[in-house]
Amino acid sequence: MSYTAIVDYGVGNLKSVTNAMKYLGLETRITSDAAELERADAIILPGVGAFPDAAERLRGPGLDKLVIGQAARKPILGICLGMQLLFDRGEEVRDCKGLGLVHGSVERIRTDLKLPHIGWNSLRFPNVSPLFSGLDEGCFVYFVHTFCGRAADPGQVIAATDYGTEVVAAVQSGNVYGCQFHPEKSGEVGLHILKNFGGLNR
């Protein structure tokens, strides 16, 4: 059976992502089982909280190596903190190693505006990606974050927004995608993005 695996590593709002995928008619399995992750057609890495804690929870059972190994074989989508974990390293709390699937680092947003950044912001698309196929620039999505990715390769930035400064909203490196915003909480636009992701390997 075709399904998308949602990685269960004790960090993240699994239910809202699962409900959004179910609404779209896309089969999902919440799992930390290696065999189920390997059999999946695609993988979603959710996440809320602090970068070091999440990274340690991934590394503990070896899920970090498994996700890295699957990245060459199938689409992977990191959401919010899950996107940040895709980068080489993060600076939240302390310097911490990430998955290294997207080159760059995760830093505190360099803005004079209030942090955390919470609310709806519009997107622009500096580079074309199938994740945003069918969407127009200026569409709005929902953010909740204080830190953001800084990609080493500008060509991997597929969406950006402004919050007193430019903020990387989404990245792509091969099969690996990341959304700093929450598509599962972004109404019809977010559902469209998840539908696009669900169709990448089908």
Side-chain angles (χ1 to χ4, degrees), residues 1-90 96-103 106 129-133 141 144-145 149 156 158 170-186 190-202:
M1 177 184 288
S2 175
Y3 66 91
T4 296
I6 300 175
V7 184
D8 183 4
Y9 62 113
V11 178
N13 190 346
L14 306 177
K15 187 175 180 180
S16 61
V17 177
T18 302
N19 287 344
M21 297 291 279
K22 183 178 180 180
Y23 178 84
L24 292 168
L26 298 171
E27 183 72 24
T28 61
R29 294 186 190 178
I30 297 173
T31 185
S32 58
D33 180 75
E36 283 197 318
L37 289 166
E38 289 171 355
R39 285 195 299 267
D41 295 281
I43 293 174
I44 292 177
L45 181 66
V48 293
F51 191 110
D53 178 57
E56 288 171 9
R57 286 174 179 263
L58 268 181
R59 279 195 293 268
L63 289 172
D64 58 335
K65 294 179 181 177
L66 195 150
V67 171
I68 292 168
Q70 293 300 303
R73 303 185 180 100
K74 65 192 63 169
I76 292 176
L77 174 64
I79 295 176
C80 196
L81 179 58
M83 167 178 148
Q84 295 178 8
L85 291 170
L86 301 175
F87 283 80
D88 293 316
R89 50 183 284 274
C96 184
K97 183 180 178 182
L99 296 174
L101 293 171
V102 177
H103 293 309
V106 176
S129 170
L131 196 64
F132 298 113
S133 177
V141 292
V144 183
H145 66 125
Q156 294 182 340
I158 57 173
V171 292
Q172 179 186 350
S173 178
N175 288 329
V176 178
Y177 301 80
C179 293
Q180 180 59 65
F181 56 90
H182 286 273
E184 79 282 8
K185 298 179 180 179
S186 296
L191 289 173
H192 189 103
I193 292 166
L194 289 175
K195 185 177 180 180
N196 283 345
F197 177 73
L200 289 175
N201 210 28
R202 288 176 171 82

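Here the side chain of Lys195 pairs no donor or acceptor atom with the backbone of Leu24 at under 3.5 angstrom. Counting only distance, with no hydrogens or angles, the side chain of Tyr3 and the backbone of Glu36 share a donor-acceptor pair below 3.5 Å. Remark: side-chain polar atoms of Asp8 are not paired, donor with acceptor, to backbone N or O of Ile30 under 3.5 angstrom. Side-chain N or O atoms of Gln172 include one that pairs as donor or acceptor with a backbone N or O of Gly174 at under 3.5 Å. A donor-acceptor pair is defined here as one N or O able to donate and one able to accept, closer than 3.5 Å; no such pair exists between the side chain of Tyr177 and the backbone of Met83.
The closest side-chain heavy-atom distance from Leu14 to Pro46 is below 4.5 Å. Under the 4.5 Å side-chain criterion, counting only non-hydrogen atoms from C-beta, Leu194 is not in contact with Tyr23. Within the 4.5 Å cutoff, the side chain of Ser173 has no heavy atoms near those of the His103 side chain. The closest side-chain heavy-atom distance from Lys185 to Val144 is not below 4.5 Å.
In this structure, His182 has no ring-ring contact (aromatic ring centres under 6.0 Å, His included) partners at least two apart in sequence or on a different chain. Under the ring-ring contact (aromatic ring centres under 6.0 Å, His included) criterion, Phe181 pairs with Phe143, sequence neighbours left out.
Shown here for Cys80 and Gly47, the closest heavy-atom pair between the two residues is CB-O, 3.6 Å. Ala54 and Leu81 make their closest contact through CB-CD2, 3.6 Å (heavy atoms, listed as atom of the first residue, atom of the second, distance). Taking each heavy atom of Cys96 and Pro52 in turn, the nearest pair found is SG-CA, 3.8 Å. Residues Leu77 and Leu131 approach most closely at CD1-CD2, 4.4 Å, considering heavy atoms. The two atoms that bring Asn196 and Ser133 nearest to each other are ND2-O, 2.9 Å, heavy atoms only. Gln84 approaches Val106 most closely through the heavy-atom pair O-CG2, 3.5 Å.
Between the CG atom in Asp33 and the CZ atom in Arg39 there is a gap of 7.0 Å [rounded to 0.5 Å]. The structure places CD1 of Ile6 at 4.5 Å from OG1 of Thr28, a figure rounded to the nearest 0.5 Å.
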- Item | Ser2/Asp41 under side-chain hydrogen bond (donor to acceptor under 3.5 Å, both in side chains): CA gap, chis, key distance, verdict | CA-CA 6 Å; Ser2 175; Asp41 295 281; 2.9 Å; yes
- Query: Which is it for Phe87 and Val171 under the side-chain contact (heavy atoms from CB on, under 4.5 Å) test, yes or no, and what are the steps along the way?
  - Reply: CA-CA 10 Å; Phe87 283 80; Val171 292; 4.0 Å; yes
Quick one: side chains of residues 57-67, donor-acceptor pairs under 3.5 Å with protein atoms, not counting sequence neighbours, listed by atom name and distance.
residue, atom, partner, partner atom, Å
Arg57, NE, Asp53, OD1, 3.4
Arg57, NE, Asp53, OD2, 3.2
Arg59, NH1, Lys97, O, 3.2

